[in-house]
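On a predicted model such as this, the values are computed, not experimentally measured, just so you know. Lettering follows sequence order; numbering is per chain, from 1.
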Amino acid sequence: MAYLELNNVYKTYGEGTDSTEVLSNINLTIEEGEFVAIVGFTGSGKTTLVNLINGLLKPTSGEVLFKGKPVIDTSHERGVIFQNYSLLPWLTVGQNVYMAVKEAFPKEKKSVLNQRVRDYVDMVNLTPAFNKRPKELSGGMRQRVAVARALAMDPEMIIMDEPLGALDALTRGNLQDEILHIWSKDKRTALLITNDVDEGIYMADRIIPLKPGPNATLGPEFKIAIDRPRDKTALNDNPNYKKTRNAIIAYLMDIGEERKSVSATEYVLPEIAPKSFVA
Amino acid sequence: MEQEIILKKDRQPFSFVKPLVAKLTPKFNRGDLLGSLKKTGITVISILLFIGLWHWGAKALYDVEADYKIEKALTERGAEAAAAERACIASGDSSCQPNTLPSPSQVWASLQSLIADHKIIKADKAAFVEKMAATNAKLTAKGKDPIVYTGRASFIDIVFTSIRTVFAGFLLALLIAVPIGIIIGLSAPLRSAFNWFIQVFKPVSPVVWYLLVFMIVKTLYIGDSTDNAFVISFISVGLCAMWATLVNTAMGVSSVDKDYINVAKVLKLGTFQKVFKVILPSSLPLIFTGLRITLSVAWMVLIAIELLAQSQGLGLFVWEEFQNGANDSNSKIIVAMFVIGIIGFLLDRFMLTVQNMVSFNKNEAV
């Protein structure tokens with residue numbers, strides 16, 4: 001039995017003639033301890049897919065099974081790292097993490113919970129910023145808080161929705177390493193949604209492209225047969241890496257072309273100009 | 001290169017003094033100083049201009065009124081009476097002064113006389129309390145009510161009555177509007193159920209609110225001889241002013257950022273936790289915006305309501321002075337006007353400070 005299973009999942013927004021099918025016929029299985037990356041264009045329905053798996057959305061048809069049971073609601077077993085961090089701006093770093101920890105372990109003593117918060121904030125190297133509010137942090141630091149918050153709840157599976165999308169290349173590299181380090185420590189199952197093929201290859205065991213929506217569906221999977229721990233600089237010379245990377249990019253380019261030809265309808269834009277408030 | 005520079009710095013004997021001096025000298029940026037001077041200067045100039053314009057306008061009105069008086073004396077009682085009238089007006093005698101918009105200096109004099117009056121009343125009160133101390137001690141020992149000072153209220157007392165009324169009304173508005181706002185903000189059906197109610201009652205005039213409250217409180221106080229003017233006026237003020245808070249709270253609660261709601265769902269917060277840990281903190285800025293509007297509306301409608309309710313506050317003061325028609329009545333009214341304006345301004349500043357304290361930057365993507 002697979003750890004996470006999506007069978008013939010369809011997701012439609014709206015009703016009747018106005019409805020658009022965002023996802024169609026999604027089939028995905030993830031085994032325990034696996035690191036899977038889903039790569040796709042922006043607007044291809046990646047976030048919808050994530051919300052179906054974490055339980056924020058329900059599929060229009062088909063089923064999402066987690067450890068054999070249908071996903072009907074969110075659960076502490078599946079930790080989520082959102083694309084836009086989603087930290088509560090009126091709470092400090094420590095308070096943001098504490099809130100999650102307190103919900104995940106309602107029976108624990110306060111001192112134990114506090115220690116847990118400190119440990120996880122320390123793990124993402126944010127102890128100096130413990131009492132700062134999200135507004136005072138940089139984008140990378142905010143994302144690390146979000147990572148600490150998700151992991152402190154001790155989830156069995158981590159779902160990451162383009163977690164590093166808004167970061168600069170250097171911070172991105174560092175956080176990739178941090179996430180991998182944490183993942184390799186106790187081999188949680190991980191699902192990474194990304195638009196960066198290199199990031200997927202560096203981090204995941206398998207890469208599955210998402211064909212762009214509407215009617216987005218999963219493409220053929222690419223296995224990444226590169227030994228861990230992976231070295232970013234050495235990766236460039238790895239023939240396997242090059243081959244896989246080229247194959248994935250070629251596939252994505254192909255479906256990109258396909259999409260262009262499909263949506264050849266010309267849209268007539270209305271003639272509007274920005275309103276001037278000065279004159 | 002960098003290394004060299006640091007070495008050179010270290011060799012200077014008093015290098016450690018520099019940062020210390022920099023710390024101790026107040027940071028007066030030339031531009032900042034000029035900017036703030038300019039700003040204050042503009043304010044001062046505009047105030048002076050205003051007073052000048054007022055003085056000039058008051059003078060013109062005074063002349064019109066004086067000319068009319070003299071003309072009237074001339075046509076009705078002859079040239080002699082007109083000369084006498086002119087002399088009387090010029091002498092500044094209070095019996096024949098034209099009654100019009102008072103000049104700034106008259107208003108200033110009235111303010112001082114009101115303060116002097118307050119000192120006299122205060123002394124009176126203290127003397128009364130001292131005189132009655134023994135009697136009151138006996139009365140309380142016997143279990144009777146002590147005798148209290150019931151003399152006329154001074155201007156300062158009147159101002160404080162008004163402030164008390166506004167705060168009581170504001171508190172009432174807060175206690176009614178915030179909980180109801182939260183509840184209807186959380187539930188869309190309740191929101192539509194309340195919508196007509198809010199739309200109908202929001203534009204009702206303060207006068208009508210007063211009459212409505214009067215009808216109810218009068219019946220509730222039947223057989224009770226205590227003065228209920230204060231109760232009526234603060235309830236009316238509260239009911240008049242609460243709508244901004246009600247609408248803003250409902251809006252703030254119903255429009256919480258979807259990201260925060262998703263966080264609450266993923267963390268599996270209970271309903272109570274979700275409301276108090278996520279929804280309320282995120283709508284606090286809007287709630288406080290509402291409260292700020294409520295406080296300024298409360299202060300604005302206060303005058304009309306105190307006037308109607310005969311509550312011993314600024315509204316009644318203004319009305320009584322107008323009815324009184326004494327020589328300095330008009331300038332006392334203007335004093336009251338400025339006091340009302342300045343207190344309103346201070347209340348608004350206070351609320352703005354509180355609002356800024358609870359706000360976080362909502363626009364920033366966090």
Exercise for the section: Go through the atoms of A/Arg149 and report whether side chain, backbone, both or neither lie under 4.5 Å from a heavy atom of chain B. Expected result: side chain
Practice task
For each of A/Asp73, A/Val80, A/Leu91, A/Leu56, tally heavy-atom pairs with chain B at distances under 4.5 Å, and name the one with the top tally.
Solution key: A/Leu56
Exercise for the section: Taking A/Thr74 for its side chain and B/Lys265 for its backbone only, find out whether a donor-acceptor pair lies under 3.5 Å. Expected result: yes
Rounded distance (nearest 0.5 Å) linking atom [atom1] of [X] with atom [atom2] of [Y]:
X	Y	atom1	atom2	value
B/Leu269	A/Lys102	CG	NZ	9.5 Å
A/Met153	B/Lys268	CE	NZ	9.5 Å
A/Met99	B/Gln273	CE	CD	6.5 Å
B/Asp259	A/Phe82	CG	CZ	7.5 Å
A/Ser86	B/Ile261	OG	CD1	11.0 Å
A/Leu57	B/Asn262	CG	CG	8.0 Å

Practice task
Might you confirm whether atom NZ of A/Lys187 has over 12 heavy atoms from other residues, nucleotides or ligands at distances under 6.0 Å?
Solution key: yes
Handout entry: More than 12 heavy atoms from other groups under 6.0 Å of CG on B/Leu37
Key = yes
Practice task
Provide the closest heavy-atom pair for A/Leu88 versus B/Tyr260 in the form atom of the first, atom of the second, distance.
Solution key: CD2-CD2, 3.7 Å
Without placing hydrogens or testing angles, list every side-chain donor-acceptor pair under 3.5 Å for residues 58-65 of chain A, not counting sequence neighbours.
from    : atom 1 : to      : atom 2 : distance (Å)
A/Thr60 : OG1    : A/Thr12 : N      : 2.7
A/Glu63 : OE2    : A/Asn7  : ND2    : 3.2

